[in-house]
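Here is how names work: the chains are called A, B, and so on, in the same order as the sequence lines, proteins then strands, and each is numbered from 1. What you see is a predicted model, and the numbers here were worked out from it, not measured in a lab.
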Protein chains: 2
Amino acid sequence: MKNVTVEDVARNCGLSRATVSRVINGEARVKPGTIERVKRAIDELGYHPNAHARALSGGRTGTVAVLLRGGAWRPYYSTLLEGVEEVASRAGLHVLLRTHEYLEAAQAILEEGRADGFIIRNLDEPERHRRLFDRLAARGAPFVLVGDPVGDCQSITIDNVGGARALAHHFAEHGFRRVLFIAGPEGHIDSNDRLYGFKLGLSEKGFDQAGLELVRGDFSTPSGFNAMRESLQSGRPEAVFAANDRMALGAMLQLRQAGLRVPEDMAVAGFDDAYFAEYVTPPLTTVRQPFHELGVTAMVTLERLLSGGQANSRHIILPTTLTVRASCGCRYAGHNPPIPEDRFETS
Amino acid sequence: MKNVTVEDVARNCGLSRATVSRVINGEARVKPGTIERVKRAIDELGYHPNAHARALSGGRTGTVAVLLRGGAWRPYYSTLLEGVEEVASRAGLHVLLRTHEYLEAAQAILEEGRADGFIIRNLDEPERHRRLFDRLAARGAPFVLVGDPVGDCQSITIDNVGGARALAHHFAEHGFRRVLFIAGPEGHIDSNDRLYGFKLGLSEKGFDQAGLELVRGDFSTPSGFNAMRESLQSGRPEAVFAANDRMALGAMLQLRQAGLRVPEDMAVAGFDDAYFAEYVTPPLTTVRQPFHELGVTAMVTLERLLSGGQANSRHIILPTTLTVRASCGCRYAGHNPPIPEDRFETS
DNA sequence: CTGAAAGCGCTTACAG
DNA sequence: CTGAAAGCGCTTACAG
């Protein structure tokens with residue numbers, strides 16, 4: 001089965017390759033009638049322009065690379081990618097996904113000309129990312145950062161500070177005096193920002209910082225379980241705020257095992273609004289992250305850069321939402337019946 | 001910044017473009033000393049062959065397309081993709097991900113020459129998939145199906161029947177006589193296979209099929225909640241097997257609301273071993289699906305096809321594992337402390 | 001073992 | 001508004 005090429009289309013409609021190419025690329029200065037003829041020929045022959053020939057001859061690749069840290073996969077990647085893809089596919093762009101050793105891979109993708117632009121979820125290793133950003137800039141390849149804003153690179157982040165601050169205010173309304181914060185790994189920007197926002201919110205409400213205890217986990221459920229145990233050995237806080245929902249879940253499991261009731265004996269809150277948050281017992285009070293919107297915004301922004309435009313803001317921050325359920329001691333009328341829309345499917 | 005090309009490399013080491021190309025592609029019949037010279041020049045100039053030029057001139061694109069059904073994102077996609085990528089990146093292959101309207105997109109990807117091979121998670125719409133498969137075959141593009149085996153296309157699936165059968169045997173050991181099966185959408189192959197295996201396993205143990213009730217959900221948690229309520233109105237089974245964990249979770253929530261205890265008043269089991277399964281109360285008995293291995297196997301198989309080989313089997317079936325916890329009425333010594341390894345991270 | 005040359009299928013100044 | 005021709009950066013018979 002031989003390939004259909006511009007040549008074939010040109011012959012079929014009695015025009016030149018150049019004209020056919022112009023029609024395909026929607027250039028101005030083509031007679032309407034000509035456009036018609038070309039389009040008919042394209043349909044008739046079932047012609048699809050070869051992507052590599054286009055890219056090689058100076059056109060775009062029509063591909064964006066999405067770089068996410070691998071190693072431990074994160075369920076929210078699904079939601080994020082969905083947002084990215086939604087926008088990309090509408091714009092006729094393809095998504096090249098890379099997680100495994102993406103820093104090395106990114107360079108190859110760039111140098112081999114495989115993508116027009118990049119979306120990069122940079123969480124750690126700032127030095128190595130810097131080098132990558134420099135290379136991208138040198139090559140004139142647009143890129144959008146998701147996670148940690150660096151210098152004046154275009155970035156999209158989530159309002160960690162604001163979310164944690166809102167939760168702190170809520171805790172303050174409950175009147176808690178002794179509070180535990182279960183942090184993520186040292187130096188992790190999300191954990192740091194949440195701690196910062198939490199402290200800020202507490203102090204705004206006149207909270208005595210001496211009542212704040214900090215134990216460190218690694219964002220995993222077991223680490224929350226262990227952190228809670230560690231804290232229990234030195235005393236008993238009135239409330240716990242974990243830097244993510246999974247550690248909050250771990251803390252709840254520890255409390256149950258220690259014979260303590262949530263929220264009667266201790267309030268618990270998390271961050272993320274993970275799938276299970278509303279289904280644990282009691283339903284978890286948390287701060288919701290807009291992962292889907294994060295993906296959408298990242299891709300919309302990249303698209304704008306690709307077409308030579310600029311984003312409205314160099315550093316876009318998406319709002320987070322305090323989601324009050326029952327684990328903080330509030331009344332919660334949720335999931336009864338459970339919410340009807342349920343975006344996740346496991347089968 | 002001008003692009004470094006084969007021309008530059010050839011000049012730098014005093015050889016022809018053809019020879020440089022041969023070295024890059026690891027062809028035989030090149031003098032060892034020559035290989036050395038070329039490699040040195042490549043390093044010195046920081047040369048990366050342009051992917052499009054290679055593809056256009058008859059080489060491979062070095063890209064595989066992964067097509068997954070979108071609409072509702074599934075957290076297990078993360079795990080599956082991780083497996084795919086692990087193998088792909090080791091083989092120097094890039095992954096083009098597509099979920100949004102992938103059936104249309106697949107054709108474009110194929111005709112535009114954007115991928116050497118395809119991994120397709122085909123769940124429904126058999127007709128449209130057939131047409132795609134025919135096109136792929138006509139073009140000589142290798143592809144691997146993940147999900148529903150069709151004809152003699154290469155496929156990788158999970159042992160739904162065996163897993164459900166093992167669970168049925170386990171239920172039989174508990175001596176349950178009246179059992180509810182919460183199915184997925186009508187015609188969904190996973191749900192059908194699980195029901196088939198469940199019935200098979202029960203009948204092997206002499207279970208009276210009159211004791212089996214079936215209610216249909218849509219794999220979501222709320223649908224499990226509703227299905228359980230529906231069943232409760234007409235009687236009370238001794239045990240429930242849901243076609244996935246999320247519906248099992250919904251059933252548990254319904255039972256709690258109805259004042260029934262799990263497993264004392266009713267046993268519950270699911271399918272998947274989703275993240276939350278071991279953390280709900282009581283920990284959920286379920287059948288584990290090897291999603292990571294599914295991705296790995298799909299990619300390994302595709303790689304083999306790409307290099308002109310054949311898979312060991314046309315239809316590969318990966319084993320599932322009965323994972324007994326407490327919701328069926330068994331003793332469970334789990335998560336105390338919680339399992340230390342925890343592949344998922346939400347932050 | 002190596003090179004000169006054709007060709008992959010497009011796009012894009014340059015003319016007209 | 002349209003066409004002839006050069007060129008993008010490789011690979012691959014074909015010679016030698």
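- Neither OP1 nor OP2 of D/dA4 sits under 4.0 Å from any side-chain N or O of A/S16.
- Position along DNA chain D of the nearest nucleotide to B/R22 versus B/H48 favours B/H48 as the more 5'-ward residue.
- The distance between atom CZ of B/R17 and atom P of C/dG7, rounded to the nearest whole Å, is 14 Å.
- Each of B/A18 and A/P49 was matched to the nucleotide of DNA chain C holding its nearest heavy atom; the match closer to the 5' end belongs to B/A18.
- Base pairing of C/dA13: no nucleotide in any strand meets the Watson-Crick or G-U wobble criterion (both distances under 3.5 Å).
- To the nearest angstrom, C1' of C/dG9 lies 11 Å from CZ of A/R54.
- For the pair B/E111 CD and C/dG9 P, the computed distance is 14 Å after rounding to whole Å.
- Side-chain contact between B/V87 and B/R90 is absent, with no heavy-atom pair separated by less than 4.5 Å.
- Annotation: side chain of B/I120 is not in contact with side chain of B/V146 (no heavy-atom distance under 4.5 Å).
- To the nearest angstrom, P of D/dC1 lies 14 Å from CG of A/L15.
- Atom CD in A/E36 sits about 18 Å away from atom C1' in D/dT2, given to the nearest Å.
- Residue B/T34 is the one, among B/L56 and B/T34, whose nearest nucleotide of DNA chain C lies closer to the 5' end (criterion: closest heavy atom).
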**Study point:** Residue pair A/L305, A/F143: steps toward the side chain to side chain contact (heavy atoms under 4.5 Å, CB included) verdict
**Key:** CA-CA 8 Å; A/L305 297 182; A/F143 61 100; over 6 Å; no
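- A close approach under 4.0 Å does not occur between any side-chain nitrogen or oxygen of B/T5 and OP1 or OP2 of D/dG9.
- If you check distances only, the side chain of B/S57 does reach the base of D/dC10 with a donor-acceptor pair under 3.5 Å.
- Between the NE2 atom of A/H52 and the P atom of C/dC10 there is a distance of 11 Å, rounded to whole Å.
- A heavy-atom distance below 4.5 Å is not found between the side chains of A/H315 and A/I156.
- Rounded to whole Å, atom P of C/dG9 lies 24 Å from atom CZ of A/R60.
- To the nearest angstrom, P of C/dG9 lies 6 Å from CG of A/N3.
- Across all strands shown, nothing is found opposite D/dA4 as a Watson-Crick or G-U wobble partner with both distances under 3.5 Å.
- For an aromatic pair to be called close, the ring centres must be under 6.0 Å apart, and A/Y102 with A/H129 satisfies this.
- In this structure, B/N50 does not reach the D/dC8 phosphate: none of its side-chain N or O atoms is under 4.0 Å from OP1 or OP2.
- Separation of the C1' atoms belonging to C/dT12 and C/dG16 is 16 Å when rounded to the nearest angstrom.
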